[in-house]
Structures are given as structure tokens and as C-alpha cells.
Amino acid sequence: MDRELSDIIKTLKSVIEVEKGFGITEFLMPEKPNPAKKGSGPSGASNLESLEMDVLSCKKCQLHKRRNNAVFGVGNPRARLMFVGEGPGYEEDMQGLPFVGRAGKLLTKMIEAMGLERKDVYIANVVKCRPPDNRNPLPAEMIACEGYLAGQIDTIKPEVICTLGKIASQALLKTEVPIGRLRGEFHAYRGIKLMPTYHPAYLLRNPGDKRLAWNDLKKIMALLGL
Ligand code: URA
């Protein structure tokens, strides 16, 4: 065998040995282009993992006392679109995942209506632990949790944030303007376009407003070229 070729093979073998040492057992293939994902570059996944570790052991506010699971967030660390809800409900607290109850099923339908899948976007909440009896999170609880969501947003750097409902929209925009007046227009959150829309739980109770929420989602689709 050609000397140069056998040197290349030796080098490759030693690289593979080192990778095995880190637990890497397969070659990573480039992903197919996906309009919902940003281009190449560091994924920020490890940053999210360390934030998640902090959240799972967080005791910054009283909500940690009654939680079954803290709910960090799920989805694509390179998502162009991020949804932000209010806080975990019963199902989310039990499973440790956001938007998996009835409202979550409607959110999934909304995402699919946009031509996307849940794995294309990122889904998180303002507070990571369930407020008792599904009450609104208190201002002190939202402030205690603020750094986690800000860290997720800074890492993912989505092109658009869609806030679901009054609590998330008002918390991120630091306003008390009602959701009915905030929705339908892009606002700015630290240089990122933010579209407030109705919370899926509200839409389950007021299906007549689904049309308005769909108009908001269509504006996001137009902006992202979906
Ligand atoms: N409602 C929210 O705001 N977030 C969830 O994760 C579930 C329901």
C-alpha cells in the first residue's frame, strides 16, 4: 500500500480511538437543510444542558417545594422559532415536559399547521415549576426564574419568539397592555422579533378566537419564509 495512504489510515484509527474514549461511536452526518433551522455553527446544546442542570436543582423561589419535576424546555437548540408559555400545569409537572396536556395538544396542532413539527421549534415557559392549583405565577416567582429563560433565548438566538397568552407576553415585554392589544403585531425583545398570540388554553375555551391566533402565526410564517 502507498506509504501516504497507510499514514492517513493510522491517523484516522487514532482519531477514532480518541473519539471512542469520549463515548462517540458513530460518525456525525450533516443534517438535511431544514427551513425551520438556522445554518451551521455551534449548537449551544451544551450551554442548554448546563442551564437545565441548574433549573433541575433550583430552589430560588417557593415553587420548588411542591414540584414533581421542574420543566426546563424542549426542542431544537438551533430553532428559528421559539414558543414561550406561562408555566407548567399538572401534566407538565408530572412528565417534566412543556405543553404535553390538552393545551399542549392544541399547540402541537398550531405548530403543524405552520408546516413544522415540535422538534423544529423550541418550547419553554416563563416559570419552570408548576404554580399550585394552576394559579398565575407571582411577580417574585417570575423574577426568580427570569435568568433561565433569558439564558435559553440567548443560547438559541431564535429569529422569532411567539409568546403564548397574557402572562408570557406581558412578562417578556415588561408591560401591562392587555393581550388583545399586544397580539397581531411584532414587538422587540432584546433585538428579537416577538409575536404575542393567544394561549392555547384560552383558545380551547374561546375557539372563535382561533382565527385571530392563526393570523398571528401566518405573520410569523411570512417572516420566516415558511
Ligand atoms: N401552559 C403553559 O403555559 N405551559 C405549559 O407548559 C403548559 C400549559
Side-chain angles (χ1 to χ4, degrees), residues 48 51-52 55-56 58 61 63-64 66-77 79 81-114 116-153 156 158 160-176 178-180 182-183 189 194-207 209-210 212-213 216-217 220:
L48 288 177
L51 263 178
E52 182 165 12
V55 165
L56 298 187
C58 180
C61 82
L63 294 182
H64 80 273
R66 292 172 66 171
R67 74 178 171 222
N68 287 297
N69 289 291
V71 178
F72 179 67
V74 280
N76 181 352
L81 172 60
M82 179 164 174
F83 288 93
V84 177
E86 168 181 331
Y90 173 82
E91 278 299 332
E92 290 76 20
D93 172 67
M94 295 309 285
Q95 297 188 37
L97 292 168
F99 283 98
V100 287
R102 272 188 77 223
K105 291 199 170 53
L106 179 54
L107 177 61
T108 304
K109 282 192 190 157
M110 290 158 71
I111 292 168
E112 287 170 354
M114 297 174 84
L116 299 172
E117 294 178 51
R118 269 176 82 109
K119 67 175 172 53
D120 295 323
V121 302
Y122 196 89
I123 306 174
N125 281 306
V126 172
V127 295
K128 310 303 188 198
C129 298
R130 182 189 181 207
D133 308 318
N134 294 336
R135 66 156 167 76
N136 290 344
L138 302 175
E141 294 159 354
M142 292 195 272
I143 290 167
C145 224
E146 205 168 45
Y148 298 132
L149 181 61
Q152 287 172 299
I153 294 171
I156 296 161
V160 179
I161 297 171
C162 179
T163 45
L164 300 165
K166 165 188 139 165
I167 300 288
S169 305
Q170 293 184 342
L172 267 68
L173 295 175
K174 302 243 180 275
T175 178
E176 292 188 359
I179 181 68
L182 289 174
R183 60 148 291 277
Y189 170 83
L194 184 153
M195 172 64 78
T197 194
Y198 289 123
H199 194 288
Y202 167 87
L203 293 174
L204 287 172
R205 297 189 304 270
N206 300 275
D209 280 345
K210 282 186 183 172
L212 293 174
D216 302 341
L217 299 183
I220 295 174

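Both ligands and their constituent atoms are indexed starting at 1 by order of listing.
Taking only nitrogen or oxygen atoms, main chain and side chain alike, A103 does not reach within less than 3.5 Å of ligand 1. Of the polar atoms of E92, none of the N or O atoms is found under 3.5 Å from an N or O of ligand 1, judged by distance alone. Here's the thing with P98: none of its N/O atoms is less than 3.5 angstrom from an N/O atom of ligand 1.
Aromatic ring pairs are classed by plane angle as parallel below 30°, tilted from 30° to 60° and perpendicular above 60°; the pair F99 and H199 is tilted.
When the options G89, G87, G85 are ranked by their closest heavy atom to atom 5 (C) of ligand 1, first place goes to G87.
At a threshold of 4.0 Å, the pair E141-R135 counts as salt-bridged, since one of the basic side-chain nitrogens sits closer than that to a carboxylate oxygen.
Scanning the protein heavy atoms around atom 4 (N) of ligand 1, the nearest turns out to be N125 OD1, 2.8 Å. In terms of protein heavy-atom proximity, atom 1 (N) of ligand 1 is nearest to H199 NE2, 3.3 Å.
Side chain of E92 to main chain of G101: a donor-acceptor pair is present (N/O by atom type, distance under 3.5 Å, no hydrogens or angles). Between the D93 side chain and the R67 main chain, no donor and acceptor come within less than 3.5 Å of each other.
Across all their heavy atoms, L63 and P131 have their closest contact at CD2-CA, 3.7 Å.
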